[in-house]
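Input: a single structure, listed below in structure tokens.
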Amino acid sequence: MLDKTFNPKDVEQRIAAQWEASGAFKCGNRPGAAPFSIVIPPPNVTGRLHIGHALNNTLQDILARFERMRGKDVLWQPGTDHAGIATQLIVERQLAERQMSRIGMGREKFLEEVWKWKAESGGAIVEQQHRLGASADWSRERFTMDEGLSRAVTKVFVELYSQGLIYKDKRLVNWDPRLQTAVSDLEVENIEIKGHLWYIRYPIDDSDQFITIATTRPETLLGDTAVAVHPGDQRYTALVGKMAVLPLTGRLIPIIADEHSDPEKGTGAVKITPGHDFNDFEVGKRHKLPLINIINKDGTLNNDVPAPYRGLTREAARKKVVADLEALGLLDHVEPITHAVPHDEKTKTVVLEPYLTEQWYLNVQPLADKAIAAVEKGETRFVPENWANVYFGWLRNIRPWCISRQLWWGHQIPVWYDADGKVYCAETEDDAVKQAGGGSLRRDEDVLDTWFSSALWPFSTLGWPDKTPELARYYPTSVLVTGFDIIFFWVARMMMMGIHFLGEVPFRTVVIHNRVLDEQGAKMSKTKGNVVDPITLIDEFGADALRFTLALAAGQSRDMRIGPTRVETNRNFATKLWNTARFCEMNGCITVPGFDPTAVTETVSKWIVSETEYAIGSVTNMIEELRFNEAASNAYHFVYDIFCDWYVEITKPIFQSINEAAKAETRATTAWARDQILKLLHPFMPFITEELWAATAVTPRETLLVLSDWPKRVAPPDAEMASAEMMWVIDLIKGVRSVRAEMNVPAGAKIPLVMTGASEGSAARLARHIDVIATLARLSSAEAAPTIPTGSAQFVLEEAVVALPLGDVIDFARERARLEKDLKKAQDEITRFDAKLSNEQFVSKAPEEVLTEQREKRAEAQALALRLTDAIGRLAE
RNA sequence: GGGCGGUUAGCUCAGCGGGAGAGCACUACCUUGACAUGGUAGGGGCCAUAGGUUCGAUCCCUAUACCGCCCACCA
């Protein structure tokens with residue numbers, strides 16, 4: 001006997017162990033089956049599962065389980081990302097607690113520490129993915145710094161280098177002064193902050209005039225090498241070609257004319273600091289201006305500025321420069337402004353500095369062109385498809401990718417230098433030495449951007465550059481499921497690398513899912529403290545409830561809000577499912593081997609087979625179309641509103657009857673429908689369905705549910721007739737219940753029912769389902785009769801009028817009000833249909849079936865109104 | 001500045017050319033032999049605004065407003 005409620009805590013771990021032991025998630029053991037593959041977006045090895053991961057993994061798991069049940073050879077490739085910066089920071093912080101430092105111990109020792117950390121505490125997120133029920137092939141788990149994957153990285157680098165696509169360049173980069181590394185354009189987040197616009201007077205050389213410039217960064221004045229005005233700006237034409245005296249330094253800098261200067265902004269004259277501003281860098285190149293770097297790697301001012309400013313932080317330097325200018329009377333005025341300042345995208349606190357360094361770049365332009373073409377040609381499709389525009393937009397304006405990072409944790413760049421600084425790019429040091437013709441070489445100290453290895457994930461995890469069977473079988477992967485926030489970081493780059501190195505797109509379909517917000521609609525962040533922890537939700541409500549909630553919320557809109565109340569609702573759904581199975585158990589509904597749902601004879605059986613068939617079809621279609629929310633809600637609707645609310649209730653009087661043949665068929669049919677439900681829900685709620693699959697079996701099941709076959713659509717006999725009949729029964733019961741409630745008939749009281757004007761068919765239906773109707777509508781009797789007893793409450797059911805003789809109990813005023821309300825509704829409908837049908841344009845232009853439909857509806861409303869009018873008339877008798 | 005979403009019941013959201021839906025919340029009643037993590041019956045909406053297309057618009061088109069996101073840039 002099943003317990004009264006489902007206890008996820010007891011069950012989940014046990015079920016997960018069974019799955020693991022059965023090898024159900026392993027790919028490659030279904031020879032002849034079509035492959036279906038997904039690579040997981042590898043979470044950071046430092047990460048904790050957040051609700052966005054939970055959504056992402058749930059959707060992938062739905063697909064994996066669905067396709068596995070459909071007989072495919074499923075590979076869901078799991079793994080983690082080495083996350084250069086995040087991991088290095090964590091280990092550095094731990095070292096600091098032990099009074100140690102990265103620099104102090106040196107590169108080699110430090111990397112040992114990181115690997116040690118990874119072995120001990122890395123990958124906690126993988127355990128959390130297990131908690132969620134993720135059916136990935138865990139035996140194939142990969143890490144971006146694994147030996148094999150690192151080999152792929154090296155090979156890719158060397159090839160791109162030899163193709164001339166990777167090169168070293170000295171230009172401005174976005175510099176993180178705290179980590180002292182370059183970051184790519186994508187890792188910059190421009191944050192609006194309140195600042196000031198300082199108007200500063202630069203004296204003109206050999207003159208008593210000034211040229212006033214406006215700047216948000218007065219401290220960079222120390223590195224100015226020009227002042228620019230717009231060539232067409234009349235105000236300054238006379239000054240172009242003269243020299244200005246740079247305040248605080250006394251350096252002479254030219255006043256130049258350049259289109260970059262915008263007459264509308266500030267004073268129309270702008271200071272040019274090629275060393276610390278991207279635009280100014282370009283201006284400097286155009287005018288062959290000298291470039292002065294005034295900042296150290298840590299963000300403090302260097303020795304190329306006047307002594308008083310050396311060593312100051314940027315903030316301190318700014319204050320001092322402003323104060324000194326003011327003292328000199330060169331500060332014209334200050335305006336408060338709000339402007340966007342580049343911050344480091346991860347912490348959002350560190351202000352990045354445009355900084356002149358030598359870095360490795362990847363010229364992605366040629367790869368981008370092919371990546372664009374592939375989506376244009378439909379080789380990869382986005383779902384929803386409008387995300388393709390975001391993808392195109394970025395790739396069409398792509399700039400070289402700065403791939404080097406001044407970190408230690410990551411893939412070290414496979415480049416060596418000889419004593420003369422000559423470059424040798426090779427897969428191994430030995431090869432480099434060979435290239436150099438002997439001698440000792442020094443390896444480039446930089447590592448690659450973490451996303452460089454992520455870009456190779458769809459093929460590096462399959463064994464590339466080796467020609468493995470897995471690579472042949474599972475590449476291109478079937479579907480990629482991810483969030484829109486990493487379309488640029490990851491999706492586009494995988495496309496570029498996949499096409500370039502494999503000659504084929506890495507995935508056929510990209511599903512972009514919503515972003516998860518908290519229940520108030522706010523973006524979740526650690527600092528706000530509004531992060532909803534999926535593990536907490538799993539602990540409280542079960543993994544199935546969380547998964548079902550996420551699937552239901554995975555609609556087309558951009559955001560979804562998730563919080564405990566919604567998960568609780570679906571925990572309740574799980575309980576409902578559990579108790580339905582319990583009901584089946586209590587009534588002896590046992591799976592009958594070889595049961596043929598198309599051979600049932602009872603109307604009720606035909607009806608539920610037909611409804612099940614419909615549910616199978618809709619859930620299957622919706623998953624195929626990647627409309628997860630529709631799939632989940634269709635399944636929910638079938639299970640709750642049809643199976644639980646009606647079918648189960650209707651079987652109760654059958655089980656209590658003495659019709660043994662009907663009971664036997666109902667038991668078998670119910671067991672069959674329950675099994676179909678378990679299968680339909682399994683991709684969404686794997687734990688509870690797997691548990692019920694075993695618990696409801698009298699003789700052990702042939703396979704675990706996870707390995708069972710997806711339900712096939714069946715063609716039930718007389719489906720339409722059976723459905724119409726059962727709908728009629730349901731409408732009758734609903735009608736009685738409604739009248740009872742409105743007439744305040746006590747719930748326990750059994751009342752008689754008299755049906756008048758019933759056709760032969762209706763009378764027969766009434767007789768056929770008398771037990772069900774009497775039980776569910778709480779009737780003492782139900783019969784067809786020629787006349788309506790006085791003192792009856794009435795309602796209309798198709799051609800018949802149903803009367804509930806309530807005798808003295810009836811409240812005539814109330815009954816009249818109720819009937820009149822219904823009548824008004826019917827009359828309003830008639831009016832609406834008449835308006836339409838009397839419109840010549842409508843009659844002549846609308847399609848025939850719409851016309852017929854409208855006429856039928858009008859006739860129905862007319863008949864209803866007529867019978868209601870009669871009923872009201874009888875009330876007066 | 002460029003682009004993209006959203007605006008539907010008190011709340012969170014589905015639906016997207018021919019009768020306005022769900023969950024939660026709300027009201028009334030109900031310990032009915034699966035389930036109170038439940039059941040039954042209800043109340044609640046000019047589907048943001050203004051035009052247009054159409055016989056017909058919550059749905060398609062165009063503008064507007066508000067909310068939000070992405071990209072670029074800001075002296």
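This one's a predicted model, so the numbers in the text were calculated from it and none came from an experiment. Quick note on labels: first sequence line is chain A, next is B, and so on, each numbered from 1.
Among the atoms of the strands shown, only primed sugar atoms or phosphate atoms (P, OP1, OP2) are found under 4.0 Å from some heavy atom of A/S738. Base engagement by A/C644 is indicated by at least one non-hydrogen atom pair under 4.0 Å involving a base atom. Within the nucleic acid shown, A/E649 comes within 4.0 Å of at least one base atom, counting heavy atoms only. Counting any heavy atom pair closer than 4.0 Å across all strands shown, A/P847 reaches a base atom. A/V850 comes within 4.0 angstrom of a nucleotide base, judged by non-hydrogen atoms across all strands. No engagement by A/E853 is indicated, since no non-hydrogen atom pair under 4.0 Å with the nucleic acid exists. Note on A/V843: nothing from the nucleic acid sits closer than 4.0 angstrom, heavy atoms only. A/F488 comes within 4.0 angstrom of sugar-phosphate atoms only, judged by non-hydrogen atoms across all strands, and of no base.
For A/H637 and B/G15, the NE2 to P distance is 16 Å, given to the nearest whole Å. To the nearest angstrom, C1' of B/C30 lies 15 Å from CG of A/L776. Atom CD in A/E829 sits about 16 Å away from atom P in B/G18, given to the nearest Å. Between A/D834 atom CG and B/G19 atom P the separation is 15 Å, expressed in whole Å. Here the P atom of nucleotide B/A36 and the CH2 atom of A/W578 are 15 Å apart, to the nearest Å. Rounding to whole angstrom units, CZ of residue A/R814 and P of B/A41 are separated by 16 Å. Between A/N397 atom CG and B/G3 atom P the separation is 13 Å, expressed in whole Å. Rounded to whole Å, the distance from CD1 on A/I487 to C1' on B/C71 is 12 Å.
Residue A/Y640 has a polar side-chain atom (N or O) positioned under 4.0 Å from OP1 or OP2 of B/G39. Distances shown here put a side-chain N or O of A/K576 below 4.0 Å from the OP1 or OP2 atom of B/G39. Checking the phosphate oxygens (OP1, OP2) of B/G43, a side-chain nitrogen or oxygen of A/K821 falls inside 4.0 Å. Under 4.0 angstrom from either OP1 or OP2 of B/C35 there lies no side-chain N or O belonging to A/T5.
No side-chain heavy atom of A/N570 sits under 4.5 Å from any side-chain heavy atom of A/F541. Contact check for A/I272 versus A/D224: no side-chain heavy atoms found under the 4.5 Å cut-off. Residues A/W198 and A/D332 fail the side-chain proximity criterion, which asks for heavy atoms closer than 4.5 Å. The side-chain heavy atoms of A/V383 and A/E625, taken from C-beta on, include no pair separated by under 4.5 Å.
Side chains of A/T215 and A/Y199: no donor on one and acceptor on the other come within 3.5 Å. When only modelled atom types and interatomic distance are considered, A/T852 and A/E849 share no side-chain donor-acceptor pair under 3.5 Å.
Here the separation of B/G18 from B/A57, taken at their P atoms, is 11 Å to the nearest Å. If you take atom C1' in B/A9 and the same atom in B/C26, they sit 12 Å apart, rounded to whole Å. As rounded to the nearest Å, B/G6 and B/A20 have P atoms that lie 23 Å from one another. With C1' as the reference atom, B/C60 and B/U54 are 10 Å apart, rounded to whole Å.
The side chain of A/N572 sits closest to B/U37 out of B/C24, B/G19, B/U37. Side chain of A/Q854, nearest nucleotide from B/G18, B/C24, B/A14: B/G18. Picking from B/G19, B/A34, B/G23 the nucleotide with the shortest atom distance to the side chain of A/V648 gives B/A34.
Between the side chain of A/T273 and the backbone N or O of A/G275 there is no donor-acceptor pair closer than 3.5 Å. Remark: side-chain polar atoms of A/D544 are paired, donor with acceptor, to backbone N or O of A/I688 under 3.5 angstrom. A donor-acceptor contact shorter than 3.5 Å is absent between the side chain of A/D233 and the backbone of A/V229.
Ring planes of A/F684 and A/F548: perpendicular class, angle over 60° (limits at 30 and 60°). Note on ring orientation: taking the six-membered ring where Trp is involved, the planes of A/Y391 and A/F382 are tilted (angle from 30° to 60°).
Nearer the 5' end of RNA chain B, as judged by each residue's closest nucleotide, is the contact made by A/E630, out of A/E630 and A/A747. Sequence order on RNA chain B of the closest nucleotides to A/Q841 and A/K652 puts A/K652 first from the 5' end.
Here the CG atom belonging to A/L806 is positioned 8.0 Å from the CE atom belonging to A/M743, to the nearest 0.5 angstrom.
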For nucleotides 56-58 of chain B, print each protein N/O atom paired with a nucleotide N/O atom at under 3.5 Å, atom names and distance only.
none

Polar atom pairs (N or O), protein with nucleotides 73-75 of chain B, under 3.5 Å:
{"unit_1": "B/C73", "atom_1": "O3'", "unit_2": "A/N279", "atom_2": "ND2", "d": "3.4"}
{"unit_1": "B/C74", "atom_1": "OP1", "unit_2": "A/N279", "atom_2": "ND2", "d": "2.1"}
{"unit_1": "B/C74", "atom_1": "N4", "unit_2": "A/A340", "atom_2": "N", "d": "3.0"}
{"unit_1": "B/A75", "atom_1": "O5'", "unit_2": "A/T216", "atom_2": "OG1", "d": "3.3"}
{"unit_1": "B/A75", "atom_1": "O4'", "unit_2": "A/A214", "atom_2": "O", "d": "3.0"}
{"unit_1": "B/A75", "atom_1": "N6", "unit_2": "A/H260", "atom_2": "O", "d": "2.9"}
{"unit_1": "B/A75", "atom_1": "N6", "unit_2": "A/D262", "atom_2": "N", "d": "2.6"}
{"unit_1": "B/A75", "atom_1": "N1", "unit_2": "A/D262", "atom_2": "N", "d": "3.0"}
{"unit_1": "B/A75", "atom_1": "N1", "unit_2": "A/D262", "atom_2": "O", "d": "3.2"}
{"unit_1": "B/A75", "atom_1": "N3", "unit_2": "A/K265", "atom_2": "O", "d": "3.4"}

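Between the base of B/U37 and the side chain of A/R571 there is a donor-acceptor pair shorter than 3.5 Å.
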